[in-house]
Q: 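Below is one structure. I have some questions about it.
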Amino acid sequence: RAKAEGPGSCTIFDAAMHAQVRERIDLEVALRKALGENQLSVAYQPIVDLMPGVPAGAEALVRWTHPERGPISPAVFIPIAEDAGLIGAIGDWVRQESLRQVGEWRTDGTVGDTFYVSVNVSGRQLLDPNLPLVLAAEMQTYGVPARCVAVEMTESVLVDSTGVAGRVLFELRELGCQVLIDDFGTGFSALGYLRRFPVTGIKIDRSFVTGLGSSTEDDEIVRAIVSLCRALGLSVIAEGVETRVQRDALADVGVTRGQGWLWGPAVPPAEFARHWHIKNAAALAGHDRPD
Ligand code: C2E
Ligand code: MG
Ligand code: MG
Ligand code: MG
């Protein structure tokens, strides 16, 4: 198509394409080395119960610090990892590392008995029939009960999901893990998957949370999502909560759990523990089990 626009545009198009492809290949090559060279880490973002304002759990978010370029966003490198067949290895590492970390926090009293870790899984990972078995072994090894583990996946993963992914999800659910839909509302809104798969909860995408308290439309959309989830017995978390206005609007429509910069960004484990230890200790009474 570029060729039809004349000789000049063709060259420019090719040059831009070339740079883009080059960049991707560079990142892919670098990413292949990243795991072996300890450039990856896991950051933890609190998932907070609105009322007491204490973390019910944390989402594990992968971080990559490139030796020359510094931090690279997972929004950039996760899609590359998926295309390059690296997501399995990266996902395995993130899952194992975050279970190990939460096991340690449970032992040293940084977190209470109900605190859960939420791990992102991509579509590829759900095609691995060994995932439930491997996860069960890791939970055993690190002393983390299944009710303290959630897996998050986007709607699109379930919409194009094959038989294998479905079985894997049922097995994860059978183990007792939470199964959460990430970025809810941004995929195809073919809600049938909520019935077909053993989903236990949803995370409302930030795009619907942004306008809460100031946009009647967003208020109504979130209200509708909450009532749908109530009817289906699903838990609800609001993502990307940045302001008190948003938090108060969430409380008004009956959302009880949130995640966002209002409570804190994803931080390295030492910082997470330092910041949240005392508040967790206060919550150790553990009145609010995730199940
Ligand atoms: P996500 O799973 O929806 O994670 C939430 C993203 O929103 C995170 O971006 C988080 O840092 C950011 N966020 C949290 N609170 C706020 C807020 O109040 N305001 C704003 N503007 N942003 C907020 P992050 O860490 O850059 O991750 C981006 C995406 O990369 C994740 O979106 C997830 O889809 C993917 N990802 C991250 N770690 C992993 C992983 O270990 N495995 C897989 N498969 N995907 C991952
Ligand atoms: Mg997520
Ligand atoms: Mg999300
Ligand atoms: Mg999101």
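Order of appearance sets the numbers: ligands from 1, and atoms from 1 within every ligand. Because only heavy atoms are used, hydrogens play no part in the values below, and waters and symmetry mates are left out as well, while side chains stay in.
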Q: Please say whether Asp182 places an N or O atom under 3.5 Å from an N or O atom belonging to ligand 1.
A: yes
Q: Which ligand 1 atoms does Arg206 reach within 4.0 Å, using its non-hydrogen atoms?
A: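 With Arg206 as reference, the close atoms of ligand 1 come out as 19 (N), 20 (C), 21 (N), 22 (N).
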Q: In Asp183, which N, O or S atom comes closest to the Mg ion (ligand 3)?
A: OD1
Q: Answer with side chain, backbone, both or neither: which part of Lys203 has a heavy atom less than 4.0 angstrom from an atom of ligand 1?
A: neither
Q: Would you say Ser118 reaches the Mg ion (ligand 2) with an N/O/S atom under 2.8 Å?
A: no
Q: Output the list of atoms in ligand 1 that are nearer than 4.0 Å to some heavy atom of Val94, sorted by atom number.
A: 41 (O)
Q: Does any N/O atom on Val62 come nearer than 3.5 Å to any N/O atom on ligand 1?
A: yes
Q: Determine, considering heavy atoms only, which of Met153, Glu97, Arg63 sits nearest to atom 11 (O) of ligand 1.
A: Arg63
Q: If you compare all heavy atoms of Gly264 against all heavy atoms of Gln45, which two are closest, and at what distance to 0.1 Å?
A: O-NE2, 3.1 Å
Q: So, for Leu175 and Ala136, which heavy atoms are closest and what is the spacing to 0.1 Å?
A: CD2-CB, 3.9 Å
Q: Quick check: closest heavy atoms across Cys148 and Val144, and the distance to 0.1 Å?
A: CB-CG1, 3.9 Å
Q: For atom 22 (N) of ligand 1, which of Trp93, Trp261, Trp263, Trp64 has the closest heavy atom?
A: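 That would be Trp261.
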Q: By atom name, which N, O or S atom belonging to Glu239 lies closest to the Mg ion (ligand 3)?
A: OE2
Q: Can you name the N, O or S atom of Glu152 that is closest to the Mg ion (ligand 2)?
A: OE1
Q: Nearest heavy atom to atom 4 (O) of ligand 1: which of Leu61, Val42, Thr154 does it belong to?
A: Leu61
Q: Please find the pair of heavy atoms, one from Asp92 and one from Gln125, that lie closest to each other, and give the distance.
A: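 In this case the closest contact between Asp92 and Gln125 is N-NE2, 4.1 Å.
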Q: Of the choices Pro74, Ser118, Ser122, which has the non-hydrogen atom that lies closest to atom 26 (O) of ligand 1?
A: Pro74
Q: Under a 4.0 angstrom heavy-atom cut-off, which atoms of ligand 1 come close to Gly260?
A: 15 (N), 18 (O)
Q: Salt-bridged, Glu171 to Arg167, with N to O below 4.0 Å?
A: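 Answer for the salt bridge query: no.
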Q: What atoms of ligand 1 come closer than 4.0 angstrom to any heavy atom of Glu242?
A: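 It comes down to these atoms of ligand 1: 17 (C), 18 (O), 19 (N), 20 (C), 21 (N).
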Q: Taking atom CD of Glu239 and atom CG of Asp205, what is their separation to the nearest 0.5 Å?
A: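 These two atoms lie 5.5 Å from each other.
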Q: Side chain of Arg63, backbone of Leu40: donor and acceptor closer than 3.5 Å?
A: no
Q: Hey, does Gln259 come in under 3.5 Å of ligand 1, counting only N/O atoms on both sides?
A: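 No; every N/O pair is 3.5 Å or more apart.
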Q: Determine, using heavy atoms of Glu59 and all atoms of ligand 1, whether some pair is separated by less than 4.0 Å.
A: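 Glu59 counts as a contact of ligand 1 under the 4.0 Å cut-off.
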Q: Please confirm whether Gly91 comes under 4.0 Å of ligand 1, counting heavy atoms of the residue only.
A: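 It does not, in that no heavy atom of Gly91 comes within the 4.0 Å cut-off of ligand 1.
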Q: For the ring pair Trp105 and Tyr44, is the centre-to-centre distance below 6.0 Å?
A: yes
Q: Heavy-atom contacts under 4.0 Å between Asp183 and ligand 1: side chain, backbone, both, or neither?
A: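 Only the side chain of Asp183 comes within reach of ligand 1.
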Q: Salt-bridged, Asp113 to Arg147, with N to O below 4.0 Å?
A: yes
Q: Determine, for Asp183 against Lys203, whether the closest basic-nitrogen to carboxylate-oxygen distance falls under 4.0 angstrom.
A: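 Not counted as a salt bridge, because no side-chain N and carboxylate O are separated by less than 4.0 Å.
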Q: Round to 10° and report the angle made at the Mg ion (ligand 2) by OD1 of Asn120 and OD2 of Asp182.
A: 90°
Q: Any atom of ligand 1 sitting under 4.0 Å from a heavy atom of Arg95?
A: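 Judged by the 4.0 Å heavy-atom criterion, Arg95 does not count as contacting ligand 1.
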Q: Tell me, please, if Glu59 has any N/O/S atom, main chain or side chain, under 2.8 Å from the Mg ion (ligand 3)?
A: no
Q: For the residue pair Val199 and Tyr193, what are the closest heavy atoms and their distance?
A: CG2-O, 4.5 Å
Q: Just by distance, do the side chain of Asp108 and the backbone of Thr110 share a donor-acceptor pair under 3.5 Å?
A: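 Such a contact is found between Asp108 side chain and Thr110 backbone.
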Q: Any donor and acceptor pair, going by atom type alone, linking the side chain of Asp219 with main-chain N or O of Leu212 inside 3.5 Å?
A: no
